[in-house]
Protein chains: 2
Amino acid sequence: MAATSQIDQQLVAELRERGLRVTPQRIVIHRALCSQSRHMTAEQVLASVSDVLPGTSLPTVYATLELLEGLGLVRRVGTGNGAVVFDSRIEPHAHTVCRRCGAIADLEGTAAPDDVLNRAGATGFVPDHAQLVVWGLCAACAATAVRS
Amino acid sequence: MAATSQIDQQLVAELRERGLRVTPQRIVIHRALCSQSRHMTAEQVLASVSDVLPGTSLPTVYATLELLEGLGLVRRVGTGNGAVVFDSRIEPHAHTVCRRCGAIADLEGTAAPDDVLNRAGATGFVPDHAQLVVWGLCAACAATAVRS
DNA sequence: ATGACTGCAAACTCTTTGCACAACA
DNA sequence: TGTTGTGCAAAGAGTTTGCAGTCAT
């Protein structure tokens, strides 16, 4: 694991600070999430990681994703159609999900309103993150749907 | 299926209009979702339905929930922690999900901003529904967390 | 040296599918 | 009466668990 990039350094610092071990798998999985196009499933992470670190197993991927989520370096996005993807973008942003093909895309410049967090807090709930998912048809699927 | 309530009538009308059959299972499953406390899992729906209609099967519950979702009478809410629940409230409203105990609650008076739908539409995406989920700790879990 | 982490295999949960029977229209 | 819908059983996908060996510290 040479060529310690800035991305890696952040992870290593977080791990060291908590007395957790720095392993090649954790480095590579974190890199995969940060560098690849976003919204990766566990399977996609494994595929990406396997190029660099053959033999890596799916249980390790899941364990590491859970760890990274706990460190706040990765977000889990659940769409409700059964798909769960992991996103390395921490800043609040919405996602669009196509009902037909399942494609997930970022929606830039759309944060969940503070209003919602405040309202949640008023009920005694302690919010830490808001996730906004927009359902519908992506441009490609909408085009074919019209034709039918 | 006597005692046709207003809830039932809406379902029957929708089914008839599309040439679909009106079956006891569909009536009872729809009633369960509308009358019970909200956010039911498929298993919970089955349990509730089984009191009235013993022998009802899980595949039928899933098929009917999918049908009702297609009719717009029920919403599927995916939280990302693996739980998928069904909600009979159609009006836009947010949900809070507890990271610790998994409890799901409604957040009144919080619709996803039109802004988001407009922005999604600007990308060619055809939105039909926005789902807003707030992650954090529910009041009960937050209280015990502080204590530790 | 020692204890945490990984890999393998298997188990587990949730959901869907195939097919024969039943029942709505 | 003709299909559509249901129930049963089994398959399928995705994720988690147990355990032995390995590796970071």
Side-chain angles (χ1 to χ4, degrees), chain A residues 1-2 4 8 11-30 32 39-47 49-50 52-71 74 76-86 102 104, chain B residues 1-2 4 8 11-30 32 39-47 49-50 52-71 74 76-86 102 104:
Chain A
M1 285 303 106
T4 305
D8 294 345
L11 171 59
V12 171
E14 286 279 1
L15 289 173
R16 288 248 151 82
E17 189 174 340
R18 311 197 187 208
L20 298 168
R21 294 192 176 170
V22 178
T23 66
Q25 289 86 350
R26 289 176 177 175
I27 299 282
V28 173
I29 288 170
H30 183 235
H39 315 130
M40 305 179 79
T41 65
E43 292 278 0
Q44 290 171 326
V45 172
L46 178 63
V49 165
S50 292
V52 182
L53 216 59
T56 304
S57 68
L58 210 35
T60 297
V61 171
Y62 279 107
T64 303
L65 289 172
E66 191 179 336
L67 176 75
L68 293 177
E69 193 192 8
L71 295 180
V74 155
R76 184 186 300 243
V77 180
T79 60
N81 60 3
V84 175
V85 296
F86 296 84
I104 300 175
Chain B
M1 287 304 107
T4 304
D8 294 345
L11 171 59
V12 171
E14 286 278 2
L15 290 173
R16 288 246 154 81
E17 189 174 337
R18 312 199 185 204
L20 299 168
R21 293 189 178 172
V22 178
T23 66
Q25 289 86 349
R26 288 175 178 176
I27 300 280
V28 173
I29 289 171
H30 183 235
H39 316 130
M40 304 178 79
T41 66
E43 292 277 0
Q44 289 172 326
V45 171
L46 178 62
V49 166
S50 292
V52 182
L53 216 61
T56 304
S57 68
L58 210 37
T60 298
V61 171
Y62 278 107
T64 304
L65 288 172
E66 190 179 337
L67 176 76
L68 293 176
E69 192 189 9
L71 295 179
V74 156
R76 186 186 300 241
V77 180
T79 61
N81 60 5
V84 175
V85 296
F86 296 85
I104 300 174

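Just so it is clear, the values below take in all heavy atoms, side chains as well, and ignore hydrogens, waters and symmetry mates. Small disclaimer: the values here were computed from a predicted structure and weren't measured. Every chain is numbered from 1, with letters handed out A, B, ... down the list of sequences.
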Roughly, in whole Å, what's the span from CD in B:E66 to P in D:dT4? 17 Å
Is the backbone N or O of A:A83 less than 3.5 Å from a side-chain atom of A:T79, with the two atoms forming a donor-acceptor pair by type? yes
B:S50 side chain to B:L46 backbone, donor-acceptor under 3.5 Å: yes
Can you tell me how far P of C:dT16 sits from CG of B:L67, to the nearest Å? 14 Å
Give a yes or no on whether the backbone of B:T41 and the side-chain of B:Q44 come within a donor-acceptor separation of less than 3.5 Å. yes
Inter-residue atom distance B:T64.OG1 - B:E69.CD, 0.5 Å rounding: 13.0 Å
Does A:V22 offer a backbone N or O that forms a donor-acceptor pair with the side chain of A:R16 under 3.5 Å? no
Compare all side-chain heavy atoms of B:L11 with those of B:I27 and state whether any distance is below 4.5 angstrom. yes
Whole Å only: how far is the CG atom of B:L65 from the P atom of D:dG5? 15 Å
Tell me, which of residues 54-64 of chain A have any heavy atom that sits under 4.0 Å from an atom in DNA chain C? A:G55, A:T56, A:S57, A:P59, A:T60
Contact state string [nucleotides 19-25 of chain C, B base, S sugar-phosphate only, - no protein heavy atom under 4.0 Å]: ----BBS
Grab the CZ-P distance between A:R18 and C:dA4 for me, whole Å please. 17 Å
Side chains of A:E43 and A:L58, heavy atoms from C-beta outward: is any pair under 4.5 Å? yes
Whole angstroms only, please: what is the CZ-C1' distance between A:R26 and C:dG7? 14 Å
Sort out for me which residue in A:V74, A:V28, A:I29 forms a side-chain contact (heavy atoms from CB on, under 4.5 Å) with A:V45. A:I29
Rounded to whole angstroms, how far apart are CG on B:L15 and P on D:dG5? 9 Å
Separation of C:dT6 P from A:L46 CG (nearest whole Å): 13 Å
Report yes if some heavy atom in the side chain of A:L68 is under 4.5 Å from a heavy atom in the side chain of A:H30; otherwise report no. yes
How long is the line joining CG of B:N81 and C1' of D:dT16, in whole Å? 15 Å
